[in-house]
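Notes follow the structure.
Below, chain A is the first sequence line, B the second, and so on; all start at residue 1.
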2 protein chains.
Amino acid sequence: MTEKKLQYIEEAGMAFELFGMTRMAGRILGYLIVCDKESVSFNEIMDALKASKGSISGTTKQLITIGFVEPVSLPGDRKTYYRISNLKVGSILKARIQLFLKFADVLDKGRSLKEKNDRVSEWTLEVSSFYKWFGDEIDLVLQKWEREKENIIKQKTEDNENKL
Amino acid sequence: MTEKKLQYIEEAGMAFELFGMTRMAGRILGYLIVCDKESVSFNEIMDALKASKGSISGTTKQLITIGFVEPVSLPGDRKTYYRISNLKVGSILKARIQLFLKFADVLDKGRSLKEKNDRVSEWTLEVSSFYKWFGDEIDLVLQKWEREKENIIKQKTEDNENKL
DNA sequence: CATTATGTTCAATATTTACTGAACAGAATG
DNA sequence: CATTCTGTTCAGTAAATATTGAACATAATG
C-alpha cells in the first residue's frame, strides 16, 4: 500500500465521521475503494489498517448491516472476504431521508402540545409538510436520474479526459 | 411547563442528536417550540432546562450560527431574548446536501488513486456523479415545492381537522 | 463609582463512544 | 481427537465530546 493510499484511508475515515459513521468504518471503506483487489480478507484489512481484530470484526458487521460492504465466500477457502457492495444511490439517499421524516415527526409532536396556534406552529407545519412531501418526491427524482445518468456520466468521463 | 412538555423537550434532545447536534441544542429547540411564548430569555431557558449558564450560552450561540434560533432585542430591556427563526426548508436541506458533496469528493479522490479501472471505480463514479447532479436538481425540487406547498399544507390541515 | 444584571469563557468533570486485546467458540484439517 | 484457522464477544481502557460552575468582562443603574 503506497503512502498516498494510506493517507487517503485516513482522510476517508475523517470524512465518514461527518456522516455519523465511525472513523474505522470510513477507513475500511477507503481501503476497499483503493486497494485494487476484487475482495480482501479479514486479516488483510487488519494488517492494512493496523487495527484490532475486535474493531475490524465489529465494524465490518456494521458496514454489512447498512449495506456498504458485502461478504464474499470463495470455494476451497474458509476465510470470508469483503468488498464494496453495489449499493444503489437511491438507497443511500433514502436512508438519509428517514432522518428527515423523524425530524418532521418531532416537529408535529411539538405542535400538538402547543396551546396556541402561532408563528412557530406555522413554521413547524410547513417544515414538517415539506419533508414528508419530499420523501415521496424523491422517487420522481430518482427516476429522472435513471433516465439521464448515462449521458451525465459519459459527459463527466469526457471532461476528465479533456483535463489530461 | 407541563410534565408532557418537559418530556417532549427530552425527546427532542434525543432526536436532534441523530442529526449530529448536541442533546442540549435539541432541548433548547424543543423548548422554544412548545413554550408558547413569542420569545424567551436566557434565564427562562436555563430554568426550564435546569442546565448551566455555560451550556445555554454556548448552545444558543451554536443554534444562532446554524440559523435555527435568532436573538431578539426588546426596547427598555437589557436582556437578549431567543426564538425559533423562520429558517427556510430549502436552506436546512441544502446544508445537509453539502455533506453529500463532500462524500462525492472523497469517492472521486479514491478513484483517482486507483491503478485499475474496475467495478469499484465504476461504482464510485456513479455515486459521485449522482450526488453532484442531485445538488443542482434540488433547486428544481424546491421550486416545485414553492408552487405546490399552499395546496399541500391546506390539505394536511383539513386532514387533521377531519380526524377530530 | 459601587452595585447589579447579563452573558461569556474556560478549566475541570462527567458522560459517551470507539477501540483494544485476550479469552472464547466453532468449523475445518490432519 | 488435537490442532489450527477464522472470527466473535466483551470487559477494560482510551479518546472524544458535552456539560458544569466559577471567575471574568461589560454594560446599565442608582
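- Using a 4.0 Å cut-off between charged side-chain N and carboxylate O, A:Lys116 and B:Asp36 make no salt bridge.
- In this structure, B:Met46 atom CE and C:dT6 atom C1' are separated by 11 Å, rounded to whole Å.
- Between A:Ile45 atom CD1 and D:dT8 atom P there is a gap of 11 Å when expressed in whole angstrom units.
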Mind listing the N/O atom pairs, protein and nucleotides 18-25 of chain C, below 3.5 Å?
unit_1, atom_1, unit_2, atom_2, d
C:dT20, OP2, A:Ser52, N, 3.1
C:dT20, OP2, A:Ser52, OG, 3.2

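- Not counting sequence neighbours, A:Trp123 has no partner by the ring pair (Phe, Tyr, Trp, His ring centres under 6.0 Å) test.
- For B:Lys132 and B:Asp108, the salt-bridge test passes: some basic side-chain N is under 4.0 Å from an acidic carboxylate O.
- Contact annotation: A:Ser41 side-chain N/O to D:dT6 OP1/OP2 distance is not under 4.0 Å.
- You'll find the ring centres of A:Phe103 and B:Phe16 inside the 6.0 Å limit.
- Taking atom CD on B:Glu17 and atom P on D:dT17, their separation rounds to 14 Å, with Å as the unit.
- Here A:Asp118 does not pair with B:Lys37 in a salt bridge; the nearest charged N to carboxylate O distance is not below 4.0 Å.
- Using modelled atom types and a 3.5 Å distance limit, the side chains of B:Arg111 and B:Asn117 yield no donor-acceptor pair.
- Summarising the geometry, the separation between CZ on B:Arg78 and C1' on D:dT29 is reported as 6 Å, rounded to the nearest angstrom.
- Rounded to whole angstrom, the span from the OH atom of A:Tyr81 across to the P atom of D:dG7 amounts to 8 Å.
- Atom CG of A:Asp77 is separated from atom P of D:dC5 by 13 Å (rounded to the nearest Å).
- Taking atom CG of residue A:Leu18 and atom P of nucleotide D:dT17, one finds them 11 Å apart after rounding to whole Å.
- Atom CD1 in B:Ile28 sits about 9 Å away from atom P in D:dT19, given to the nearest Å.
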